[in-house]
Peer 1: 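Here's a structure for you.
The first residue in the sequence is number 1, and the count goes up from there.
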Amino acid sequence: MTIKRYWGTFLPIALALVMVDCSLPKKVKFKNPVDTRDRQIDYQTKKTYYFEALGVSVSNEFDGARLNGANQLNDSTITLYFAPENTPINKSPYYAFETWSELPRQVYFEFEYPKEFRHRYKPKRKKNGEWGIVDSVNVIKSDKGRMLRLMVDREPQLIAAQEINSSDDVEQWYLQHILDSNDFVHLGSAGQSSLGRNIPVLDIYRGSPEGKPIVVLLTRQHPPEVTGFFAFQEFVETVVESSALSTEFLGKYRVLAFPNLNPDGVDLGHWRHNSNGVDLNRDWSKYRQPEVENVVSFITETSKKDGGEIILGLDFHSTYEDVFYTNKTRRGTTLPHFIDDWFERLEKDIKDYEVNEKDSNSNKPVSKGWFLYGQGAVGITYEIGDHTPKERIVEIGEASSLAMMELLLEK
């Protein structure tokens with residue numbers, strides 16, 4: 001009786017576990033695995049710092065902010081402290097704060113980081129709804145890193161390492177520029193982040209989705225890498241524009257575009273990680289983080305359901321310079337000649353442009369390796385420089401999208 005009661009209780013649970021395990025995406029092995037289990041993070045204290053003697057306020061009470069402390073140093077200087085969500089972490093100190101004053105005055109903001117980090121990003125400023133780069137004459141070297149000289153008044157100004165594109169900003173972009181009047185773009189969700197934020201997906205095709213080869217576009221695995229997001233925006237906008245090329249392409253191919261893979265990290269103002277303190281672009285093996293697991297599940301289940309082969313994955317990032325990280329293995333993949341042909345076309349179509357390619361098979365569990373080892377597809381990490389001018393990003397993003405569509409239609 002005891003044994004029967006035991007199995008009567010255990011068997012449904014065991015079957016449920018088997019069913020859940022079977023529904024999980026297939027894991028992919030990498031030469032150098034990375035531990036992507038949850039790690040503790042240090043949350044910012046959200047507050048507005050008011051310095052009465054100066055009549056100046058500094059705040060991090062908005063999505064995408066990064067400010068860990070503020071103190072008045074003297075009668076003209078405020079020291080701002082910026083720290084990462086946890087360590088170890090890339091040496092890419094991110095900052096974002098808002099400031100205003102009761103009366104117009106000049107203030108010096110000294111940027112301070114933990115001793116192992118150095119200043120990286122040129123300050124950007126948003127005032128009256130417009131972003132621009134702070135003039136370099138107002139960015140002064142100091143013992144602690146950089147000092148920003150700024151005229152402040154009652155009109156709040158945002159100062160940030162990169163232009164802020166929060167989850168709400170991203171949503172407004174795709175609603176207005178991608179979904180509006182494009183009935184062939186289908187808005188879906190790949191699930192939720194660790195903190196319950198939506199992970200949107202733009203499912204783009206004309207006619208029936210069945211049997212259409214799939215191109216996957218990813219971005220914002222690393223929150224501050226906004227120049228890569230700008231290239232992603234232009235790339236997607238070119239795919240959906242009203243043109244004969246786009247119409248023909250989307251009649252034969254399907255695009256799954258993920259405009260915000262790390263919404264928690266984006267809105268929390270993280271330097272690199274998600275809300276569990278993990279680099280998502282090291283989790284494309286065992287999928288311990290919900291963001292990657294949900295996106296991988298969505299891609300693979302969509303492919304299986306409609307019989308569309310995954311042929312190409314582009315993951316948009318930012319780094320110090322424009323560069324394409326590729327896998328050396330080409331033979332046996334879905335598109336063995338695509339990379340060489342694509343790069344040749346970019347150098348032909350973009351004035352004074354030379355492709356910067358760094359090729360190596362992925363040893364660590366990053367997305368481009370997942371496309372290669374997990375899908376037999378071409379995977380490319382598409383990096384835009386931190387300080388590449390936006391006009392150039394638009395040019396590269398558009399040209400690379402056009403070239404991709406033209407080449408795939410020749411296939």
Side-chain angles (χ1 to χ4, degrees), residues 23 25-26 28 174-175 177-191 199-219 231-261 284 292 294-316 327 330 332-339 341-342 345 367-368 370-380 382 397-411:
S23 69
K26 180 182 177 181
V28 178
Y174 63 70
L175 289 177
H177 296 276
I178 306 300
L179 284 160
D180 188 32
S181 302
N182 292 326
D183 57 4
F184 54 88
V185 180
H186 313 272
L187 177 61
S189 174
I199 303 172
V201 55
L202 306 170
D203 191 357
I204 310 169
Y205 57 88
R206 290 182 180 273
S208 170
E210 292 186 9
K212 282 185 167 64
I214 296 172
V215 174
V216 178
L217 309 177
L218 310 167
T219 193
F232 172 94
Q233 287 179 302
E234 190 63 31
F235 198 101
V236 175
E237 288 180 21
T238 303
V239 166
V240 303
E241 71 182 358
S242 179
S243 70
L245 175 62
S246 170
T247 299
E248 184 181 2
F249 175 75
L250 293 175
K252 295 182 178 180
Y253 291 91
R254 182 179 191 177
V255 175
L256 297 179
F258 298 84
N260 193 3
L261 208 146
W284 291 79
V292 177
N294 289 339
V295 167
V296 167
S297 295
F298 189 96
I299 295 169
T300 54
E301 288 169 10
T302 297
S303 172
K304 182 177 179 180
K305 175 178 177 290
D306 294 318
E309 182 183 19
I310 299 165
I311 60 168
L312 174 64
L314 302 179
D315 188 4
F316 292 75
N327 293 308
R330 312 284 168 86
T333 64
T334 50
L335 302 168
H337 305 294
F338 174 80
I339 292 175
D341 293 343
W342 192 44
R345 187 72 66 90
S367 65
K368 78 179 180 77
W370 181 85
F371 285 107
L372 174 63
Y373 303 134
Q375 305 301 321
V378 174
I380 302 173
Y382 186 138
E398 179 184 21
S400 59
S401 184
L402 291 171
M404 178 203 70
M405 290 190 285
E406 290 169 357
L407 288 170
L408 291 184
L409 285 173
E410 293 172 4
K411 182 175 178 290

Peer 1: State the CH2-NZ distance between Trp370 and Lys26, to the nearest 0.5 angstrom.
Peer 2: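 Rounded to the nearest 0.5 Å, the CH2-NZ separation comes out at 11.5 Å.
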
Peer 1: Specify the closest pair of heavy atoms between Gly397 and Glu234, including all atoms of both residues, with the distance to one decimal.
Peer 2: C-CG, 4.0 Å

Peer 1: To the nearest 0.5 Å, what is the distance between NE2 on His177 and CD on Glu241?
Peer 2: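 Reported value, rounded in 0.5 Å steps: 14.0 Å.
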
Peer 1: For the pair Tyr205 (side chain) and Lys212 (backbone), establish whether a donor and an acceptor sit closer than 3.5 Å, ignoring hydrogens and angles.
Peer 2: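 Such a contact is absent between Tyr205 side chain and Lys212 backbone.
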
Peer 1: So, Thr333 side chain and Gly376 main chain: donor-acceptor pair closer than 3.5 Å or not?
Peer 2: no

Peer 1: Are Phe184 and Val240 packed together at the side-chain level, in the sense that at least one heavy-atom pair is separated by less than 4.5 angstrom?
Peer 2: yes

Peer 1: With no hydrogens and no angle check, is any side-chain donor or acceptor of Thr238 less than 3.5 Å from a backbone partner on Leu402?
Peer 2: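 Answer holds: no.
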
Peer 1: Considering only heavy atoms from C-beta outward, does the side chain of Met404 approach that of Phe249 to under 4.5 Å?
Peer 2: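 Yes, at least one pair of side-chain atoms sits under 4.5 Å.
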
Peer 1: A quick test of your reading: do over 12 heavy atoms of other residues, nucleotides or ligands sit less than 6.0 Å from NE2 of His337?
Peer 2: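 Count not over threshold, so no.
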
Peer 1: Do you know which of Asn260, Leu314, Val295 makes side chain to side chain contact (heavy atoms under 4.5 Å, CB included) with Leu218?
Peer 2: Val295

Peer 1: Going by the side chain to side chain contact (heavy atoms under 4.5 Å, CB included) test, name the single residue among Ile299, Val378, Val215, Thr334 that passes it with Ile310.
Peer 2: Ile299

Peer 1: To the nearest 0.5 Å, what is the distance between OG (Ser208) and CG (Asp306)?
Peer 2: 7.0 Å

Peer 1: Mind listing the closest non-hydrogen atom pair of Tyr174 and Pro259 along with its distance?
Peer 2: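 Scanning both residues, the minimum pair turns out to be CD2-CG, 3.9 Å.
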
Peer 1: Of the non-hydrogen atoms in Gly374 and Val28, which two are nearest, and what is the gap between them?
Peer 2: CA-CG2, 3.7 Å

Peer 1: Measure from the side-chain N and O atoms of Ser246 to the backbone N and O of Ser242, and report whether any donor-acceptor pair falls under 3.5 Å.
Peer 2: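 Checking the backbone N and O of Ser242 against the side chain of Ser246, no donor-acceptor pair under 3.5 Å is found.
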
Peer 1: Measure the spacing between CG of Asp341 and NZ of Lys411 and express it to the nearest 0.5 Å.
Peer 2: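 Result: 12.5 Å between the selected atoms.
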
Peer 1: Please find the pair of heavy atoms, one from Tyr382 and one from Ala231, that lie closest to each other, and give the distance.
Peer 2: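 Nearest heavy atoms, Tyr382 then Ala231: CE2-CB, 4.1 Å.
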
Peer 1: Compare every heavy atom of Leu179 with every heavy atom of Val185, then report the nearest pair and how far apart it is.
Peer 2: O-CD2, 3.5 Å

Peer 1: Answer yes or no: is there a side-chain heavy-atom contact under 4.5 Å between Leu408 and Ile311?
Peer 2: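 Leu408 reaches Ile311 side chain to side chain.
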
Peer 1: How many angstroms lie between atom CG of Leu217 and atom CD1 of Ile204, to the nearest 0.5 angstrom?
Peer 2: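 Rounded to the nearest 0.5 Å, the CG-CD1 separation comes out at 7.0 Å.
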
Peer 1: Side chains of Phe298 and Leu256, heavy atoms from C-beta outward: is any pair under 4.5 Å?
Peer 2: yes

Peer 1: If I take atom CZ from residue Phe258 and atom CG from residue Leu202, how far apart are they, to the nearest 0.5 angstrom?
Peer 2: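 Between Phe258 CZ and Leu202 CG, I get 9.0 Å after rounding to 0.5 Å.
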
Peer 1: Please walk me through it: do Gln375 and Thr300 pass side-chain contact (heavy atoms from CB on, under 4.5 Å)?
Peer 2: CA-CA 9 Å; Gln375 305 301 321; Thr300 54; 3.9 Å; yes

Peer 1: Closer than 3.5 angstrom, by distance alone: can the side chain of Asp315 be matched with the main-chain N or O of Lys368 as a donor-acceptor pair?
Peer 2: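 Checking the backbone N and O of Lys368 against the side chain of Asp315, no donor-acceptor pair under 3.5 Å is found.
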
Peer 1: Check Ser400 against Phe235 and note the closest heavy-atom contact, atom names and distance.
Peer 2: OG-CD1, 3.5 Å

Peer 1: Would you check if Leu409 and Leu245 make a side-chain contact, meaning some heavy-atom pair closer than 4.5 Å?
Peer 2: yes

